[in-house]
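Below: the structure, in structure tokens.
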2 protein chains.
Amino acid sequence: MRLSQSVIATLKETPAEAQIASHRLMLRSGMVRQTSSGIYTWLPLGLKVLRKIAQIVREEQDRIGGQEVLMPTLQSADLWKQSGRYDAYGPEMLRIQDRHKRDLLYGPTNEEMITDLFGQVVKSYKELPQLFYQIQWKFRDEIRPRFGVMRGREFLMKDAYSFDASYGEARKTYQKMMLAYLRTFQRLGVRAIPMVADTGPIGGDLSHEFIILAPTGESGVFYDSLLEEKDWLQTAVDTTSSQDLHRFFDELTHHYAATDEKHDTQAWSLVPAERQREGRGIEVGHIFYFGQKYTQSMGVSVNGADGAPFFPEMGSYGIGISRLVGAIIEASHDENGIIWPDEVAPYKVVLLNLGNKDEASLALCEKIYAHLSELCLYDDRNERAGVKFADADLIGYPWQIVVGPKGAVKNTVELKRRSTGQKEEISVENLLARFSSNTLK
Amino acid sequence: MRLSQSVIATLKETPAEAQIASHRLMLRSGMVRQTSSGIYTWLPLGLKVLRKIAQIVREEQDRIGGQEVLMPTLQSADLWKQSGRYDAYGPEMLRIQDRHKRDLLYGPTNEEMITDLFGQVVKSYKELPQLFYQIQWKFRDEIRPRFGVMRGREFLMKDAYSFDASYGEARKTYQKMMLAYLRTFQRLGVRAIPMVADTGPIGGDLSHEFIILAPTGESGVFYDSLLEEKDWLQTAVDTTSSQDLHRFFDELTHHYAATDEKHDTQAWSLVPAERQREGRGIEVGHIFYFGQKYTQSMGVSVNGADGAPFFPEMGSYGIGISRLVGAIIEASHDENGIIWPDEVAPYKVVLLNLGNKDEASLALCEKIYAHLSELCLYDDRNERAGVKFADADLIGYPWQIVVGPKGAVKNTVELKRRSTGQKEEISVENLLARFSSNTLK
């Protein structure tokens with residue numbers, strides 16, 4: 001994309017309402033604009049990040065056999081009356097009446113709807129296990145929305161739901177999802193550490209939160225440093241083998257990790273001092289096993305091998321996709337702006353032309369842009385170098401290619417890595433070769 | 001995907017509430033399930049179609065310089081009070097109050113919201129033109145939802161909005177969009193004919209509907225057959241040239257095309273009899289030019305070259321993405337089921353194993369599936385051949401590969417084209433070569 005042909009929604013002033021870095025930086029860099037309290041429009045750059053995150057989440061859900069569906073945003077209140085949650089949920093649920101005075105609600109979560117769907121299409125134990133997921137907008141009517149997309153009212157979430165024939169099978173699914181989450185967050189360029197959690201109003205007896213480390217996080221966290229060293233993308237776990245899954249899960253949960261709410265000083269003291277890490281973190285995912293809570297309350301059973309009906313065991317598994325945009329920024333920024341991990345950056349590279357009136361620079365930019373156009377935003381504006389540098393740092397593209405008259409005559413450019421600030425002079429041929437072979441690090 | 005590992009949501013009985021073919025076939029083939037009146041869950045197969053349609057629409061919007069944004073589903077009523085449409089819109093608008101008693105609504109369209117956004121980020125004529133689009137869920141509280149996703153309440157729409165400096169520029173944008181729409185529908189495997197339309201409550205003086213021909217369509221249509229013969233993907237129009245755009249647009253609109261509402265028998269009589277076509281059709285897109293209606297009523301101006309502020313000229317451009325799923329089926333099915341165009345099929349090919357207990361058949365299926373897994377649904381169920389054939393025809397994959405014990409020993413399979421019913425015996429090597437070279441027609 002050429003910047004001269006796109007909307008520029010950056011802000012010069014820091015918006016007064018933004019209290020935390022990600023909120024400030026998302027507004028200043030033009031990723032989002034607020035339209036009502038806790039409700040945002042996603043502008044082109046922000047939407048690209050949102051969709052890249054969603055796609056990585058989708059690929060990892062598919063990898064463990066998740067079937068993608070899409071449930072509507074509006075739900076009938078009837079299902080929630082069946083499960084007993086309609087009255088229990090409180091004022092965070094946005095309740096709506098349609099023109100025929102029927103009670104609807106804007107789904108804050110979808111356990112009821114998916115359980116009802118499951119009951120319609122699955123009849124026999126032979127069709128188990130089933131794992132469904134969706135990536136859909138939800139609404140929770142927070143009394144005081146704040147921190148931008150981190151605690152908005154309308155938000156994008158990946159929610160998955162599993163149905164298994166037994167506790168043992170449900171546990172395997174839970175373990176598979178744990179691995180999928182670790183892989184997902186690593187691919188997103190952040191570290192998320194699973195921590196034992198309370199199950200809260202959703203019920204059940206097995207639950208983990210996934211917490212991204214960030215100094216501005218909402219919770220204090222205590223964990224064994226071994227948990228952030230593991231490369232989950234290189235960890236071979238045979239997800240068809242119960243034994244392999246158990247081994248992976250036991251090893252993982254054996255290491256200490258807890259938020260301040262669940263912190264146990266005695267267990268903590270057993271972690272070797274050199275591996276004790278304390279910090280703060282942001283919840284970006286939550287997984288629950290809750291057994292037959294919904295299948296039983298909603299009367300959804302399948303026929304067992306012996307012909308007798310039984311209630312399948314369920315779990316649900318959330319990732320806050322829109323929240324992650326903010327959380328990644330909290331974990332990865334400096335005083336000049338955002339530092340996007342390569343995998344989720346709106347563009348991997350920005351091309352800065354400092355020679356707007358220099359023919360050699362213009363020609364070189366066109367050549368580079370023609371090769372990299374898929375990955376690249378071309379800042380072809382008629383602006384001073386300082387403005388272009390500041391915007392590039394603010395928006396946080398992982399790489400900056402700087403083209404100017406001096407280099408252009410020698411066919412060289414400056415390549416800057418946003419995260420380290422490291423710069424090198426490089427020939428255009430080398431530059432293109434490194435991008436096309438994907439050997440940029 | 002292996003069918004044994006996915007949910008099977010096909011229905012044996014024809015649902016009583018479904019009056020038209022697409023509604024019946026979408027329910028029977030397990031593309032969607034209704035959750036409330038006019039509100040649907042998209043099951044895995046239907047969602048794949050929906051996402052493929054959305055992606056083609058997206059690519060063609062990008063191609064003419066559209067910038068993708070994503071506005072929230074819920075809007076503040078304030079914006080609609082500014083434009084004067086809050087009271088005018090009537091009971092189809094779903095009105096909502098949040099916990100603080102603030103008036104919200106579920107967006108049925110987004111002219112107000114985008115005009116407000118534009119006003120926030122664009123200040124000068126130098127930043128024009130701007131073209132934004134989004135693919136987002138909308139809600140219209142139809143009094144009697146029917147025909148499945150064709151007239152649902154919660155529906156997915158691509159809506160684009162343009163801002164230009166003059167009537168002449170706005171007209172060029174309108175013409176570009178016309179071309180983008182013709183290309184889009186052709187890529188979707190259907191013919192959509194643009195017809196002059198009333199502008200309706202949205203206002204303005206230039207408007208076309210895009211109508212897909214289908215015998216069950218809601219409107220009668222009359223058109224010159226030249227309009228369905230043109231290959232828009234091969235038509236070179238330089239969209240940077242006003243002249244080229246005008247020529248394209250004049251040639252196109254010169255040919256007669258009208259719905260029964262706008263039918264002009266005198267103009268019709270001038271079309272040569274051998275080119276007169278009458279039929280029925282379904283509206284799947286609508287484009288409007290409406291000038292300064294919203295910029296003026298909402299007081300959104302930009303600074304002109306002379307320093308004086310002016311109100312930009314606007315247009316809006318919709319495509320009913322979820323409606324298209326139904327409309328394509330109306331245009332392309334037979335008594336056995338859906339016939340998906342290759343480009344939007346949930347899977348391009350289904351692999352039918354008739355030798356569930358035959359080792360040679362199983363091995364051959366695994367070999368084929370390993371090569372085609374991205375394109376292919378593998379019906380590995382332990383079911384009779386008749387059930388597999390019927391489901392394959394019902395779901396409407398463009399190609400069927402039939403593997404059985406007789407062919408397997410010779411390393412051959414049967415390849416069937418769903419649209420024509422044509423079958424051929426083919427060696428596995430040839431089959432794979434044809435799929436990998438994409439030379440299947």
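The figures here come from the full heavy-atom set of this structure, side chains too, leaving out hydrogens, waters and symmetry mates.
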What part of [X] lies closer than 4.5 angstrom to a heavy atom of chain B: side chain, backbone, both or neither?
X       : result
I8(A)   : backbone
L74(A)  : both
L117(A) : side chain
F118(A) : neither

| task | Name the region of V122(B), side chain, backbone, both or neither, that has any atom closer than 4.5 Å to a heavy atom of chain A. | result | side chain
| note | When the 4.5 angstrom heavy-atom criterion is applied to I96(B) and chain A, the contacting part is side chain
| query | Which atom pair, heavy atoms only, marks the closest approach of V121(A) to V7(B)? | reply | CG2-CG2, 3.5 Å
| said: To the nearest 0.5 Å, what is the distance between CG on L156(B) and CG on L70(A)? | reply: 8.0 Å
| task | Working to the nearest 0.5 Å, report the span between CD1 of I39(B) and CE of M71(A). | result | 14.0 Å
| task | Give the member of L45(A), V69(A), L50(A) that has the highest number of heavy-atom pairs under 4.5 Å with chain B. | result | V69(A)
| message | I need the residue from L104(A), I143(A), L94(A), L79(A) with the largest number of non-hydrogen atom pairs under 4.5 Å to chain B. | response | I143(A)
Using only distance (under 3.5 Å, no hydrogens or angles), which donor-acceptor pairs connect chain B and chain A?
residue: V7(A); atom: N; partner: Q67(B); partner atom: OE1; Å: 2.8
residue: R33(A); atom: NH1; partner: Q120(B); partner atom: OE1; Å: 3.1
residue: W42(A); atom: N; partner: L70(B); partner atom: O; Å: 2.7
residue: W42(A); atom: O; partner: L70(B); partner atom: N; Å: 2.8
residue: Q67(A); atom: OE1; partner: V7(B); partner atom: N; Å: 2.8
residue: L70(A); atom: N; partner: W42(B); partner atom: O; Å: 2.9
residue: L70(A); atom: O; partner: W42(B); partner atom: N; Å: 2.7
residue: T73(A); atom: N; partner: E154(B); partner atom: OE1; Å: 3.4
residue: T73(A); atom: N; partner: E154(B); partner atom: OE2; Å: 2.6
residue: T73(A); atom: OG1; partner: Y106(B); partner atom: OH; Å: 2.6
residue: T73(A); atom: OG1; partner: E154(B); partner atom: OE1; Å: 3.2
residue: T73(A); atom: OG1; partner: E154(B); partner atom: OE2; Å: 2.9
residue: L74(A); atom: N; partner: E154(B); partner atom: OE1; Å: 3.1
residue: D98(A); atom: OD2; partner: R153(B); partner atom: NH1; Å: 2.8
residue: R99(A); atom: N; partner: D141(B); partner atom: OD2; Å: 2.8
residue: R99(A); atom: NH1; partner: D141(B); partner atom: O; Å: 2.7
residue: H100(A); atom: NE2; partner: I143(B); partner atom: O; Å: 3.0
residue: Y106(A); atom: OH; partner: T73(B); partner atom: OG1; Å: 2.6
residue: Q120(A); atom: OE1; partner: R33(B); partner atom: NH1; Å: 3.0
residue: D141(A); atom: O; partner: R99(B); partner atom: NH1; Å: 2.6
residue: D141(A); atom: OD2; partner: R99(B); partner atom: N; Å: 2.8
residue: I143(A); atom: O; partner: H100(B); partner atom: NE2; Å: 3.0
residue: R153(A); atom: NH1; partner: D98(B); partner atom: OD2; Å: 2.8
residue: E154(A); atom: OE1; partner: T73(B); partner atom: N; Å: 3.4
residue: E154(A); atom: OE1; partner: T73(B); partner atom: OG1; Å: 3.2
residue: E154(A); atom: OE1; partner: L74(B); partner atom: N; Å: 3.1
residue: E154(A); atom: OE2; partner: T73(B); partner atom: N; Å: 2.6
residue: E154(A); atom: OE2; partner: T73(B); partner atom: OG1; Å: 2.9

